[in-house]
Amino acid sequence: MNLELSEEQTAVRRLARDFVEREVAPHAAAWDRAESVDRGIVKKLGALGFLGLTVPEEYGGSGGDHLAYALVTEELGRGDSAVRGIVSVSLGLVAKTVAAWGDEDQKRTWLPRLCSGEALGCFGLTEPGTGSDAGNLTTRAVREGDTYRITGSKMFITNGTWADVVLLFARTGGAPGHRGVSAFLVPADSPGLTRREIHGKLGLRGQATAELVLDDVRVPASALLGPEGKGFSVAMSALAKGRMSVAAGCVGLAQAALDAALSYATRREQFGRTIAHHQLVQELIADIAVDVDAARMLTWRVADLVDRGRPFATEASTAKLFASEAAVRCAGNALQVHGGYGYIDEYPAGKLLRDARVMTLYEGTSQIQKLVIGRALTGISAF
Ligand code: FAD
């Protein structure tokens, strides 16, 4: 693996960093307080090509590699995890999955709009009763002639109220467990589909997280993504790559924690000198820095494997597990460096900790990542 970034990768990182410093970071605290990111950000992300980074150019994407995607995701995560999540879901979970599994019509219908930011995607797998055990989902799609009629509900859906298309997973036919799941591209304005925003989140408050209820929603048979009964494979392929994106976002968040800790420690004085002089404060900062480096390297390794067409699922779980736990540790350590000031809104450490906390929960909890890694090592499935 070459750790030297190419000219293109360096340029795209610079573009993302400038954008985040100008358009994202200065507003992150206000968006968090308002419980809504400014929706205009979607068009801006699209105009820069960030919503179609790894989608082939013929479908409106930038045709970039996954390391470039990881770099951009890290920068977005450094500025605001709520904004980073918009991209991770619409591009990482939806557009890339349409590119991988879609037929020509589906690609032509959705990809140019998703890449430009004219449309946004959301990923509807989790239900009120099934999270980690997603293969047992109960939303049902019944085939009636040339249509499917879908009934059920989805929980905690990122971009849920903003999205134009839902990559939705529903049970078709009689096969039990994951074998009976199919994937659909459901327009969000379909009659019978209602969306309710979930408020009161600990973090990622600026992000539109929603519950979706489907009451006899009709879609044409052409909305089926991939073969009938293969929906769980569609979901797992999306999540494996999605985990790299979450890991990259965690690196960005952890880097923001390092930035904040350094900035504060070199200004705040106690015992007649800046607290950066105290060795135990240096220890906190060093611990953050080591976590940032290690998480970044694990994430880059996944990007490198994906770009070389090598298997990467276990490495993606490893990166997601480590980076998400590291993000929580780093934000906590940064808060500690701030003392009591870390506990109030005036400084960013508290928001970083709140935003970090969900990273060990979504796209597979830390326990689920350990089971994935354990299965790869032992050959024994605990699921
Ligand atoms: P459960 O599965 O009920 O787990 C509860 C606890 O039990 C956890 O600690 C878990 O690790 C543990 N556990 C469960 N099974 C096992 C096991 N076999 N062995 C050991 N421990 C186990 N979902 C989507 O589909 N799309 C989205 O866009 C999306 N965005 C989200 C955004 C936010 C802010 C949040 C909070 C969630 C989001 N989710 C989304 C859902 C998320 O992926 C689930 O919350 C997650 O998969 C966990 O499911 P659960 O909450 O039902 O917890």
Side-chain angles (χ1 to χ4, degrees), residues 52 55-56 58-61 89-116 118-130 134-155 157-196 210-239:
V55 172
E58 57 178 311
Y59 299 111
V89 171
S90 192
L91 166 61
L93 293 182
V94 181
K96 282 168 68 170
T97 310
V98 174
W101 290 84
D103 60 29
E104 200 53 28
D105 271 359
Q106 290 168 329
K107 291 186 203 178
R108 298 259 167 236
T109 302
W110 290 113
L111 290 180
R113 296 178 60 205
L114 288 169
C115 294
S116 69
E118 188 195 325
L120 208 60
C122 70
F123 185 80
L125 179 64
T126 303
E127 298 184 351
T130 54
N136 271 320
L137 59 82
T138 59
T139 295
R140 182 158 284 283
V142 179
R143 179 90 191 227
E144 291 178 351
D146 284 344
T147 64
Y148 284 92
R149 187 167 48 84
I150 310 177
T151 303
S153 60
K154 296 288 168 182
M155 189 66 183
I157 306 307
T158 303
N159 294 346
T161 47
W162 285 17
D164 301 277
V165 60
V166 188
L167 172 47
L168 185 99
F169 299 89
R171 187 161 296 290
T172 48
H178 63 83
R179 286 195 306 283
V181 174
S182 299
F184 295 89
L185 290 168
V186 179
D189 59 1
S190 300
L193 173 52
T194 50
R195 305 184 270 178
R196 185 183 65 83
E211 183 176 3
L212 313 184
V213 177
L214 299 102
D215 186 9
D216 282 343
V217 173
R218 274 188 196 279
V219 292
S222 59
L224 185 69
L225 183 72
E228 189 172 298
K230 286 284 174 205
F232 202 67
S233 301
V234 174
M236 291 304 112
S237 75
L239 287 172

note = dist Lys96:NZ -> Ser90:OG (nearest 0.5 Å) comes out at 12.0 Å

query = Hey, what do you get for OG (Ser222) to CG (Asp103), rounding to the nearest 0.5 Å?
reply = 8.0 Å

query = Would Phe123 and Ile157 satisfy side chain to side chain contact (heavy atoms under 4.5 Å, CB included), going step by step from the backbone distance to the final call?
reply = CA-CA 7 Å; Phe123 185 80; Ile157 306 307; 5.8 Å; no

query = Is there a donor-acceptor pair under 3.5 Å between the side chain of Asn159 and the backbone N or O of Gly121?
reply = yes

ask   = If every non-hydrogen atom of Ala238 is compared with every non-hydrogen atom of Thr97, which pair is closest and at what distance?
value = CB-OG1, 3.3 Å

query = Within the side chain of Glu228, is there an N or O that forms a donor-acceptor pair under 3.5 Å with the backbone of Gly180?
reply = no

message = I need the minimum non-hydrogen distance between Ile150 and Ala141, along with the two atoms involved.
response = CG1-CB, 3.9 Å

Expected output: side-chain Lys154 to main-chain Leu125 donor-acceptor under 3.5 Å = yes

request  = State, to 0.1 Å, how close Ala134 and Phe232 come at their nearest heavy-atom pair, and which atoms those are.
outcome  = C-CE1, 4.0 Å

request  = Please check if any side-chain donor atom of Ser237 sits under 3.5 Å from a side-chain acceptor atom of Trp101, or the reverse.
outcome  = yes

task = Taking all non-hydrogen atoms of both residues into account, name the closest pair between Pro56 and Ala99 and its distance.
result = CD-CB, 4.4 Å

request  = Give the C-alpha distance, both sets of side-chain angles, the deciding distance and a yes or no for side chain to side chain contact (heavy atoms under 4.5 Å, CB included) between Leu91 and Val55.
outcome  = CA-CA 8 Å; Leu91 166 61; Val55 172; 3.8 Å; yes

query = Should the pair Glu144-Arg218 be classified as a salt bridge under the 4.0 Å nitrogen-to-oxygen rule?
reply = yes

task = Report the C-alpha distance between Trp110 and Leu185 in whole Å, list the side-chain angles of each, state the deciding distance to 0.1 Å, and finish with yes or no for side chain to side chain contact (heavy atoms under 4.5 Å, CB included).
result = CA-CA 9 Å; Trp110 290 113; Leu185 290 168; 3.9 Å; yes

request  = Could you pull out the closest heavy-atom pair between Pro187 and Val219, with the gap in Å?
outcome  = CD-CG1, 4.4 Å

Name each donor-acceptor pair under 3.5 Å that joins a side chain in residues 163-177 to protein atoms two or more places apart or in another chain, with its distance.
unit_1: Asp164; atom_1: OD2; unit_2: Leu120; atom_2: N; d: 2.8
unit_1: Arg171; atom_1: NE; unit_2: Leu137; atom_2: O; d: 2.9
unit_1: Arg171; atom_1: NH1; unit_2: Ala175; atom_2: O; d: 3.3
unit_1: Arg171; atom_1: NH1; unit_2: Gly177; atom_2: O; d: 2.9
unit_1: Arg171; atom_1: NH2; unit_2: Gly135; atom_2: O; d: 2.8
unit_1: Arg171; atom_1: NH2; unit_2: Leu137; atom_2: O; d: 3.1
unit_1: Arg171; atom_1: NH2; unit_2: Gly177; atom_2: O; d: 3.3
unit_1: Thr172; atom_1: OG1; unit_2: Ser182; atom_2: OG; d: 2.6

query = So Glu58 and Arg108, side chain to side chain contact (heavy atoms under 4.5 Å, CB included) or not? Walk me through it.
reply = CA-CA 9 Å; Glu58 57 178 311; Arg108 298 259 167 236; 3.9 Å; yes

Partner residues of Thr194 under the side-chain contact (heavy atoms from CB on, under 4.5 Å) criterion, sequence neighbours left out = Val213

request  = Considering non-hydrogen atoms only, spot the tightest contact between Asn136 and Thr130 and give its length.
outcome  = O-CG2, 3.5 Å

ask   = Between atom CE of Met155 and atom CZ of Arg196, what is the distance when rounded to the nearest 0.5 Å?
value = 6.5 Å

note = Across all chains, not counting sequence neighbours, the side-chain contact (heavy atoms from CB on, under 4.5 Å) partners of Asp216 are Arg149, Thr151

inquiry  = Pairing donors with acceptors under 3.5 angstrom, does anything connect the side chains of Thr138 and Glu127?
reply    = yes

